[in-house]
Amino acid sequence: MAFVTKIKWVVLSVISLSVVSIIIHLSFAKLWTVNIVPYRAIASLHDDFSSVVVRQGVKNKKLWGSIKSLESLQPSFDARSNYTGPKEKNNGFIYAKVFGGFANIRSSIPDLVAISRLLNATLVIPEFQESLRSKGVSPMFKSFSYLYDEEQFIAYLKKDVIIAKTLPGSLMERRKRNEFPTFRPKSSSSPNFYIQEILPKLKKSKVIGLIIANGGALQSVLPPTMAEIQRLRCRVSFQALQFRPEIQMLGHRMVNKLRSLGQPFLAYHPGLLRETLAYNGCAELFQDVHTELIQHRRAQMIKDKILNEDLNVDSHLRRDKGLCPLMPEEVGILLRVMGYPSKTIIYLAGSETFGGQRVLIPLRSMFINTLDRTSLCSEKELSDLVGPEPPLPQNIFRTPPSKSEEELKEEWKRAGPRPRPLPPPPNRPIYQHEKEGWYGWITKTPTEPDPSPMDMRMKAHRLLWDTLDYIVSLEADAFFPGYNNDGSGWPYFSSLVMGHRLHETASSRTYRPDRKVVAELFNMNRENLYHPKHNWTILVQEHLNKSMTEEGLIRQSRLSKPAMFLSHPLPE
């Protein structure tokens with residue numbers, strides 16, 4: 001009896017202690033919840049940079065005001081008094097096929113006009129291989145008119161060169177039979193190459209073809225005696241090349257929507273393209289299948305002799321040399337250090353960002369108002385811009401034919417010694433994403449498959465999306481490039497935008513960061529990126545502010561202009 005009583009007292013004591021413990025924990029929890037702050041990802045970064053944010057009025061002027069030291073620069077590319085018009089009797093016709101995306105096309109056309117002027121030839125409206133009808137685009141448009149206003153192009157340049165929409169009928173038939181010589185000029189081709197090599201063949205055959213695959217056909221810097229040719233390139237790029245009216249209307253409608261939000265906006269182009277990353281050896285900045293895709297493209301470039309380097313290189317060393325694009329997370333940190341608040345409107349330009357939305361997550365978490373064309377345009381607006389397109393052929397997956405019972409028995413007999421493996425699992429449907437994923441081939445074959453009809457159509461659509469982004473980037477209150485000219489000679493979207501902004505309004509806020517300096521700054525503070533010290537923020541601000549002034553302009557000129565004229569059309 002006494003033993004049972006003791007057990008009851010022990011149980012009662014344990015229960016009492018438990019109740020007291022619960023009461024104490026609840027009271028502590030109530031006390032602690034007063035100081036708990038909800039986690040909001042990186043939006044709290046604004047507090048860490050409070051030292052760089054000043055009074056509202058001053059901050060706006062520092063972030064959005066014009067660069068006073070560049071206000072004296074004004075465009076002046078009109079022909080001089082001794083400039084003569086095109087001769088009625090010339091040496092023949094030049095037709096051209098232009099390969100590549102938006103940047104390749106836009107940088108190639110001024111070169112073609114300049115070459116036609118140089119050779120005293122009639123230029124046939126260039127063909128864009130990405131927008132031909134064979135790619136499944138709308139039959140409403142020809143190749144050139146898919147992007148640009150053809151009539152405006154011809155009319156504006158009538159005092160410079162004669163431009164024809166097509167070859168005359170008899171010559172067109174001969175072209176189809178490949179009777180005319182064709183050439184593949186490099187982007188670094190000199191005027192002497194055209195005068196000495198191309199002109200004699202043009203005079204003989206009366207028609208020549210040019211295949212432009214490198215984003216240009218004439219060297220960037222010409223002798224002083226050809227200053228008028230340089231001014232002509234400017235007139236073509238900044239005046240003659242006008243987007244077709246539907247693109248201009250939608251682009252300006254997007255700008256008006258951004259303006260209606262009641263605050264300035266910054267345009268940012270990441271520049272994360274697979275070709276760029278492969279050429280510069282930046283594969284290790286990505287993960288898993290993206291690294292393999294970059295390396296596969298790099299191997300193909302080495303095989304095609306586009307690149308003369310080893311396949312495997314140290315990507316982080318390349319990044320430190322300024323050869324790799326700035327990652328969106330790094331750009332977000334730089335902008336926050338400059339004092340841009342988390343509610344700043346960031347327009348994300350570029351029809352393609354390698355790595356997809358995943359690489360943009362840090363930027364979007366720092367700037368909650370990060371928008372793109374899909375945020376400003378409805379599906380109908382984008383569909384109307386594309387125009388009516390013919391339906392693509394159905395790509396129906398066909399399963400292998402079933403085997404007869406006799407065939408199955410024969411396979412079983414030839415299957416090898418016992419014990420036999422377990423039979424395969426029962427059949428299930430093969431889903432579309434399993435057989436047609438954009439990177440699914442990488443695990444099965446070393447050869448990249450040919451683009452599907454849908455891939456070809458999407459390439460053509462990306463040209464249109466880039467035109468919209470180009471308009472918005474030109475009109476933006478500030479522009480920040482994730483990647484611009486690296487000296488390779490390839491044209492880049494950001495380089496074209498920066499050159500055009502320099503022409504339109506040289507004093508507009510266009511950041512020209514030195515990626516090598518930025519990499520050094522990040523290496524100095526790699527452990528405290530989101531809690532930087534004041535000295536580090538001062539260094540970043542000094543570098544980015546200088547990049548917008550004459551000092552940044554001169555540095556950019558030395559790097560970019562020898563490779564691509566339109567990235568720095570100064571003093572022309």
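Throughout, numbering of the chain's residues begins at 1 and tracks the sequence. The analysis underlying the following values was restricted to heavy atoms, covering all of them including side chains, and did not include hydrogens, waters or symmetry mates.
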Walk me through whether Q300 and H296 qualify under side chain to side chain donor-acceptor pair (under 3.5 Å).
CA-CA 6 Å; Q300 191 63 41; H296 184 278; 5.5 Å; no

Go through the steps to decide whether Y511 and F479 satisfy the test ring-ring contact (aromatic ring centres under 6.0 Å, His included), and finish with yes or no.
CA-CA 6 Å; Y511 290 94; F479 180 77; 9.4 Å; no

Residues F522, L334; criterion side chain to side chain contact (heavy atoms under 4.5 Å, CB included); working and verdict
CA-CA 10 Å; F522 276 117; L334 293 175; 3.9 Å; yes

For V337 and L544, what are the C-alpha separation, side-chain angles and deciding distance, and is it a side chain to side chain contact (heavy atoms under 4.5 Å, CB included)?
CA-CA 10 Å; V337 168; L544 292 180; over 6 Å; no

Which is it for W64 and F265 under the ring-ring contact (aromatic ring centres under 6.0 Å, His included) test, yes or no, and what are the steps along the way?
CA-CA 9 Å; W64 306 107; F265 70 93; 8.2 Å; no

With side chain to side chain contact (heavy atoms under 4.5 Å, CB included) as the test, would you mind laying out the steps for E551 and R555 before giving the verdict?
CA-CA 6 Å; E551 182 179 329; R555 187 198 67 82; 5.9 Å; no

Does F153 form a side chain to side chain contact (heavy atoms under 4.5 Å, CB included) with V113? I'd like the steps, not just the answer.
CA-CA 11 Å; F153 182 71; V113 174; 3.9 Å; yes

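With F128 as the fixed residue, the ring pair (Phe, Tyr, Trp, His ring centres under 6.0 Å) test singles out one of Y146, F99, F144: F144. Partner Y347 forms a side-chain hydrogen bond (donor to acceptor under 3.5 Å, both in side chains) with one of N369, D469, T370 and no other, that one being D469.
Using a distance-only test at 3.5 Å, with no hydrogens or angles considered, no donor-acceptor pair links the side chain of Q556 to the main chain of L553. Between the D514 side chain and the K516 main chain, a donor and an acceptor come within less than 3.5 Å of each other. A donor-acceptor pair under 3.5 Å links the side-chain atoms of T549 to the main chain of K546, judged by distance alone. The main-chain N or O of S66 is never found under 3.5 Å from a side-chain atom of R509 such that the two would form a donor-acceptor pair. S260 contributes a side-chain N or O that, together with a main-chain N or O of K257, makes up a donor-acceptor pair within less than 3.5 Å. Proximity of a side-chain donor or acceptor of T291 to a complementary backbone N or O of A283 within less than 3.5 Å is detected. Between the Q152 side chain and the Q239 main chain, a donor and an acceptor come within less than 3.5 Å of each other. The closest donor-acceptor contact from the side chain of S378 to the backbone of E381 lies under 3.5 Å. A donor-acceptor contact shorter than 3.5 Å is absent between the side chain of S315 and the backbone of L285. When atom types are taken as modelled, the side chain of E389 and the backbone of V386 share no donor-acceptor pair closer than 3.5 angstrom.
A cation-pi contact links R336 to F367, judged by a cut-off of 6.0 Å to the six-membered ring centre and 45° from its axis.
Within 6.0 Å of atom CZ in R259, more than 12 heavy atoms from other residues, nucleotides or ligands are found, so the atom counts as buried in its surroundings. For R558, the CZ atom is loosely surrounded, since the number of other residues' heavy atoms within 6.0 Å does not exceed 12. Annotation for K321: atom NZ does not count as buried by contact number, only 12 or fewer foreign heavy atoms lying within 6.0 Å.
Separating the CG atom in N256 from the CG atom in L376 is a distance of 11.0 Å, to the nearest 0.5 Å. The distance from atom OG of S108 to atom NZ of K97, rounded to the nearest 0.5 Å, is 15.0 Å. The distance from the SG atom of C324 to the CD atom of E284 is 9.5 Å, given to the nearest 0.5 Å. Rounding to the nearest 0.5 Å gives a distance of 12.5 Å between CZ of R106 and CG of L463. Here L277 contributes atom CG and R318 contributes atom CZ; the two are 12.5 Å apart, rounded to the nearest 0.5 Å. If you take CZ on R457 and NE2 on H461, they are separated by 6.0 Å, rounding to the nearest 0.5 Å.
For the pair L348 and L363, the tightest heavy-atom approach, listed with the atom from each and the gap, is CD1-CD2, 4.3 Å. The minimum heavy-atom distance linking L360 with P328 is given by the pair CD2-CG, 3.8 Å. The shortest heavy-atom contact between N280 and R298 is C-NH1, 4.1 Å. The two residues G482 and S494 have their closest heavy-atom pair at N-OG, 4.5 Å. When all heavy atoms of V124 and T166 are compared, the closest pair comes out as CG1-CA, 3.9 Å. L258 and L371 get closest at one heavy-atom pair: CD2-CD1, 3.8 Å.
Using a 4.0 Å cut-off between a side-chain N of Lys or Arg and a carboxylate O of Asp or Glu, D111 and R233 qualify as a salt bridge. Of the charged side-chain nitrogens involved, at least one lies within less than 4.0 Å of a carboxylate oxygen, so that R319 and E330 count as a salt-bridged pair. Remark: R515 does not engage D320 in a salt bridge, criterion side-chain N to carboxylate O under 4.0 Å. A salt bridge does not link E127 to K142: none of the charged side-chain nitrogens sits closer than 4.0 Å to a carboxylate oxygen.
In this structure, Y483 has its ring center closer than 6.0 angstrom to the ring center of Y492.
With a 4.5 Å cut-off on side-chain heavy atoms, T374 and W465 do not count as touching. Side-chain contact between I212 and I105 is absent, with no heavy-atom pair separated by less than 4.5 Å. Put simply, the side chain of L293 does not reach to within 4.5 Å of the side chain of F286, judged on heavy atoms. For the pair R274/E352, no side-chain contact is recorded, criterion being any heavy-atom separation below 4.5 Å from C-beta on. Counting heavy atoms from C-beta outward, S473 and Y268 have side chains that stay 4.5 Å or more apart. The shortest distance between side-chain heavy atoms of T276 and F354 does not fall below 4.5 Å. At a threshold of 4.5 Å between non-hydrogen side-chain atoms, the residues R244 and E151 do not count as touching. Between L266 and I345, every side-chain heavy-atom pair lies at or beyond the 4.5 Å cut-off.
With sequence neighbours excluded, the residues forming a side chain to side chain donor-acceptor pair (under 3.5 Å) with D466 are S351, listed by chain and number.
Of the N and O atoms on the side chains of N525 and Y530, not one donor lies less than 3.5 Å from an acceptor on the other residue. For the residue pair D372 / S375, a side-chain donor-acceptor distance below 3.5 Å is found, with atom types taken as modelled.
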